Amino acid sequence: MAATETYPDELRYHPEHDWARIDGDEATLGITWFAQDSLGELVHFEPPEAGSAIAKDASYGEVESVKAVSDLITPLSGEVIEINQKVVDAPETVNEDPYGEGWLVRIRLSDRGEAESLLDAASYRQLLEEA
Amino acid sequence: MSFLSLTERDREQMLETIGVGSIDELFEQIPEGVRLGRALDLEPALSEPELVAHLTELASRNVDTGREISFLGAGIYDHYVPAVVDAVLARGEFLTAYTPYQPEMSQGVLQAIFEYQTAICELTGMDVSNASGYDGTTVAADACYLARQATGRSTVVLAEALNPQVRQVVKTYAPGFGLDVVEVPHRDGTTDPDKLRAAAGDAACVIFQQPNFFGCMEPAPDLAAAANDAGALPVAHVDPVSLGVLEAPGAYGCSIAIGEGQSAGNFQSYGGPHYGFFAARSEFIRRMPGRISGETVDSDGKRGFVLTLQTREQHIRREKATSNITTNQTLLALAGLVHLSWLGPQGLRELGETCLALSRYAKDRLADAGLELVFPDKATFKEFAVRVGRPAKSAIGDARAAGINPGYALGRDYAGLDDALLVAVTEKRTTAEIDRLVEVLAA
Amino acid sequence: MKLVYEESQPGRRASSLPQPDLPAGEMPDALRRSSPPRLPEISEPELVRHFTALADRTFGIDTGFYPLGSCTMKHNPRVNERVVNLPGFRDLHPLQEEDASQGALELMWRLQEILAEVVGLPAVSLQPAAGSQGELTGLLLMRAYFADRGEGDLRRQIVIPDTAHGTNPASVTMAGYQLVDVKTDPRGNVDLEDLRGKVGPQTAGLMLTNPSTLGLFDEGIEEITRIFHEAGALMYYDGANLNAICGISRPGDFGFDIVHFNLHKTFSQPHGGGGPGGGPIAVRERLEPYLPVPAVVRDGDLFRLDYARPKTIGKVRGFCGPFGVFVRSYAYIRSYGPALREMSEVAVLNANYLLARLKDTYEAPFDRLCMHEFVLSGRGLKREHGVTTLDVAKRLMDYRFHPPTIYFPLIVPEALMIEPTETEAKETLDAFADAMLELAREAGERPELLKEAPHVRPVKRLDEVRAAKQPVVRYRFDAHQDPQDEAREPRPLEVQKGV
C-alpha cells in the first residue's frame, strides 16, 4: 500500500521534510516519503482555513498517525487557496501517494524569491543520508 | 519487614556478573558531595503484626459512619457500596495492572473502561466520556481548559451555588490557563438564568451544578439555554446517582457533563481516592482530556479494545496536549461501573426516589418541629439546608454528643448562613434515624 | 467475550435497596428524567462472572514480571489493602470534625514528616492527586513565588531536558509558562554548554528527573544547581525515579527546591489499571507559604487543618488529597523504616544485573553503569532483520512477560526502557534475560514469530489505526455494529484465559 521511496526532481524541499511544486504564482505543498514513513499510517489531517495566510518556515497544520503528531512546515509563504479534501477524508492517501494524490494544500505565493532558498532533490537526499 | 526476593547468594552472583565488588560501587556515579552519608532518620521497621496494630490504633481515633448516624454530605456521601464492588476490586489483576498501553496484555481493563465510558454517556446523555479524571473538582478545571481552546474566549462563569471546593480549584488553575473567573451569585438557593446570560457574554463556558451545593434543583435547562444564547459552552456538574430521576444534561443542551463519581461505588475514605467523570458531545472528542478506550479488531478480525486518540495526550503531544493527566482513577471508576451495573436502570431510579422520599420526610419532620428551611420553595434531591436557630457549630457539637452527625455548617462557605446546616439523607438512613435527628436539633 | 450490555436481559437485576413506605419527594416535570439510562440489567452471579472474565484477561504485577521503565512496577503488599479497609479509614467523611479525625490527621502529618526526611525538604503538601498534578502544583508555586517578588513578568521560561516525560512540557503549558529544551550529551548527562546559553533572568526554573529517564544519575548535578541558583531560578525535581536513591542521596541536598513524589511508583500504591496515584510535593521553607490549603499541622498533641494561609495558591484537589493512597504509602514506609535504603540498593542491583546480561546482544547507548532502570536500543535488530522494538515487545508477551516501555525516551532510536524493581527474584530476572536473548535469535532465524506476535494472548495484534480513524468509544446498543460476533466462534479455553 505504501509508496516506494522517491524524491522527484521537479520538486523543491524543506529540511523539515515538506515539499513544494511551484507553478507560476502558485504552489502545491505536501510531505515527503521520509516524513510519511517516519510517521506511519496517517489517521488525521488538520488543515489550515482556506483564505488564511501562511508564512515560510512556520507551521500551517498538523498530521497525525496513531503514535505521533507532526507540524506541517510550509516551505513558502502565501495564501491558502485550496485544501485537499481527499486527504481530510482519507489521510492514508498521503502514505500511498505522497507527491500526487496526497498533496495537502495549494497556495498563492506572496514572495516568489523564497524558492531560491529551498533544497533541490539531490540536496534533500543528501540531508537524509547525513542524518 | 521487606518485600525483597534476593538472597545473599543471589547478590554475590549478580555482583560478579556485573563485574563490581560491592553494591556501593554501583552508586559511584553519584558525586560524593551529594550523598546523604547517614541513615534516614525514620522510626525502625515494623513487623506486619506491629504495623496492623499501629494502623488499627490510628483508625480507632476516627469517628466513622459506622460509629455515628451521619447526615454529613457536601460533596461526599454515605451511600451503600455493594459487596460485589469489594469482590471485583480485590482481584489482583485489576489492582496491580498498569495503564493499558500494551492492549493485548490488558483487554480486561480496556473493556472495563469502555463499559464505564458507556455507562457515563448513558447517565449524562453525552457522546464521549474519558476513562476518569482525579475528582469532581479537577474535572471542572479540565472543562475550562477545553472550553478555552474550543472557543478562544478567556473568561469562565461559575454559579456561586456550585460546590465551593470546585470553584476554588478552578480559581487555582485559571491564571495558568490565562482565564478570568466570574461568579454569579445564587438567589434564594438557585441560579437566575437571566443573570447567568448577562454574565456569560464573552465566556468560554458556564459551570452550574445539578442538584447544586445546597441540594436545590436548579432550572438546569434554562441555565444551559442562557449559556448557549451567550455563546458559552454549558457545563453541568451532576450527581451520578441523581440521574435515574433527574434529566440527563445531554438532553437539555449541555456541551459537557462532569461530576464527582464517589456516590457511585466508592467509600468515603476521608476524601479520596475517588474519580471525576468527564463527558462531552462528539464535536469535542479530539479536545477531550485523559484516556479514552476505543473498540477495534485484531489481525484475526476479532473485537478488541485499545487506548485511542492518544495523540491528544501528554506522552505524544507534550506541550500541546489536551491535559497533562497521566495517572487517573481507573480502579475507582471500575468500582463505579460495578455499582451502576449492580443497580441497573430500575435500581438507579429507585435509589433516586428513595433519596427524594427520605429527604422529604426529613424536611417535613424538621418543619413540624419548628425548624426553618433556608430555601423552603425549592425542590431538593438528597440534601437540603435548614436553620437550627443557633450557631451551627454548637448544634453539631450537641448532636454529636448524642451520636448523630447532623450535617455541614454552611456558614463556612456562604455569608448569612452561620445558623444553617446542610443535611444529607441517603438510602442508608431510616425514618427512625431521621426522627432522632429532628429530636436533637429541635432540643 | 461480551460486553456487560450484551449480557443484559430485560427484567434482570442484582441490586436490592431499602424501600421505605413514604410519600414521594417532589420532582418538577421540567427536570424529570425522560428516558432511563441503559445500564446493564444483570443478576449478581452473571455480574461476578463477567468481571472475573475481565480480570482473567488482564495482566498485573500479581501475574508476572512487569519491567516498565519509570513506572516502578514493584510488588504491592497485601497488608496495605487490609489496613486501608479498616472502617476508621474507609468510612470516615472528609468533613468530619477534627477532634473526630485525629487518627487520619496524625497519619497524614507523620507521612509528611517522613517524606520531608526522604528528600531533605521541610514543607510538604499531600494534596496533589498524581505526579502530573504535583508538577503543575510545583509550577504554580513558582509563579506565586516570583509574582510575590515582583519578578513574575520577567521570568516566563522553564527549562526541560529532551529526555523528559511528556507530562513535564504539558504541565509547563498548563501553568502558563514557555518551554525551553536542553540537549543531552553523549554520556547521558544534561549538556552543560547548551544549558548555560539557555538560563538567565528570563528563567523561572528547571524541571529535571534524576536519575533521568535514561536511568543515569546526572554527573553534572552540582554545576547545574550552581547555574540555576546563580540566575535566581528555582529547581524542580520530578520524583518519578526516586526508587533509585532513597536513603542514598536527597534532591533537597543536591539543590532542588521543589520535589514531587509518585506514591504509586516509589511507595507501592497499586496502579489499578491506570490509577489512583498520589503526587505529594515537598518544598524549601521559602516556598511553604504558597502551598495548597489546608495544611496539616501539629499543635502539641493534637493535629489540625490550617486554612490560614494568605499566600496559598489555593486548592488543586478536593479535601486533603487521596487519603486511601496515604494509608498504603505510610504503611509501606513503616514496614521498611531506614531500610528504605536497601530497597533502592536492590532496585539498582537488579537493573545493573539485567543490563549486564543484555548489553552484548542489544545496543546499550551509554557505556555506564545504570541506576534503577536502563535503556537499550533495538535498532540492530531492525537494521539486520527488519524486526522492530514493537515486534520484540509483542513477542515478549508470548513468553509471559509484560513488555518494557518502548520508544521512550525519544532520543534513543527503537528504545526499550527496562526497570525491574527491587522485589523481583533473580530467577525471574534470568528468565527475562533468557527470553530477550532467545528473541534476538528468533529475529535472525524466524522473524515472522515476532512480526505476528502475540500468539497466546486473548487477542492478536490490534488495529490501532482503525480505532483512531473510526473512533467507537461507547456501546451504541441497537445501533452498534459488532465487528465480529464472538459468540458464534468460541475459542479454546486456554486461549480465552490468555495466561
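Only this structure's heavy atoms are used, side chains among them; waters, hydrogens and symmetry mates stay out. None of these values were measured; they are calculated from a predicted model. Here is the naming used below: chain letters follow the sequence lines, and residue numbers restart at 1 for every chain.
Interface residue P471(C): only side-chain heavy atoms are found under 4.5 Å from chain B. For P103(B), the parts lying under 4.5 angstrom from a heavy atom of chain C are both the backbone and the side chain. The contact between E81(C) and chain B is made entirely by side chain atoms (from C-beta outward), counting heavy-atom distances below 4.5 Å. Heavy-atom distances place both the backbone and the side chain of I18(B) under 4.5 Å from chain C. For V306(B), the part sitting under 4.5 Å from any heavy atom of chain C is the side chain, from C-beta outward, and nothing else. Within the 4.5 angstrom heavy-atom criterion, atoms from both the backbone and the side chain of D10(B) approach chain C. Both the backbone and the side chain of T326(B) come within less than 4.5 Å of a heavy atom of chain C. Both the backbone and the side chain of L26(B) come within contact range of chain C, each with at least one heavy atom under 4.5 Å from a heavy atom of that chain. Only the side chain of L179(C) comes within contact range of chain B, with heavy atoms under 4.5 Å apart. Looking at T354(B), only its side chain comes within 4.5 Å of chain C, counting heavy atoms on both sides. Neither the backbone nor the side chain of D78(B) has a heavy atom closer than 4.5 Å to any heavy atom of chain C. With a 4.5 angstrom heavy-atom cutoff, T137(B) touches chain C only via side-chain atoms. Of the two parts of Y361(B), only the side chain, counted from C-beta on, holds a non-hydrogen atom closer than 4.5 Å to a non-hydrogen atom of chain C. Within the 4.5 angstrom heavy-atom criterion, only backbone atoms of E424(C) (N, CA, C, O) approach chain B. Looking at R360(B), the atoms closer than 4.5 Å to chain C (heavy atoms on both sides) all sit in the side chain, from C-beta outward. Of the two parts of N405(B), only the side chain, counted from C-beta on, holds a non-hydrogen atom closer than 4.5 Å to a non-hydrogen atom of chain C. For T308(B), the part sitting under 4.5 Å from any heavy atom of chain C is the side chain, from C-beta outward, and nothing else. Interface remark: P87(C) contributes backbone and side-chain atoms alike to the contact with chain B (heavy atom separation under 4.5 Å). Looking at T56(B), the atoms closer than 4.5 Å to chain C (heavy atoms on both sides) sit in the backbone and in the side chain alike. Heavy atoms closer than 4.5 Å to chain B are found in both the backbone and the side chain of E345(C).
Of the listed residues (A467(C), S15(C), G25(C)), the one with the most heavy-atom contacts under 4.5 Å to chain B is S15(C). Put simply, of S60(B), A321(B), A119(B), the one with the most heavy-atom pairs under 4.5 Å next to chain C is A119(B).
Judged purely by distance below 3.5 Å, without hydrogens or angles, the side chains of Q314(B) and S132(C) never pair a donor atom with an acceptor atom. For the 3.5 Å distance criterion, the side chains of R368(C) and Q29(B) qualify, holding a donor opposite an acceptor. Judged purely by distance below 3.5 Å, without hydrogens or angles, the side chains of S34(C) and E247(B) pair a donor atom with an acceptor atom.
When all heavy atoms of V459(C) and P454(C) are compared, the pair lying nearest together is O-CG, 4.0 Å. Smallest separation of non-hydrogen atoms from S129(B) and I292(B): O-CG1, 4.1 Å. Heavy-atom minimum distance, L6(B) versus V346(C): CD1-CG1, 3.7 Å.
Classification of the F177(B)-Y145(B) ring pair by plane angle, with boundaries at 30° and 60°, yields tilted. Ring-plane geometry between H75(C) and F3(B) is classed as tilted, the angle between the planes lying from 30 to 60 degrees on a 0 to 90 degree scale.
Between R13(C) and E350(B) there is a salt bridge, since a side-chain N of the basic residue sits under 4.0 Å from a carboxylate O of the acidic one.
Once rounded to the nearest 0.5 Å, the distance linking OG of S293(B) with CG of L309(B) reads 11.0 Å.
Other residues, nucleotides and ligands contribute only 12 or fewer heavy atoms inside 6.0 Å of the CZ atom of R82(C).
Within the 6.0 Å centre-distance limit, the rings of Y66(C) and F59(C) are counted as a close aromatic pair.
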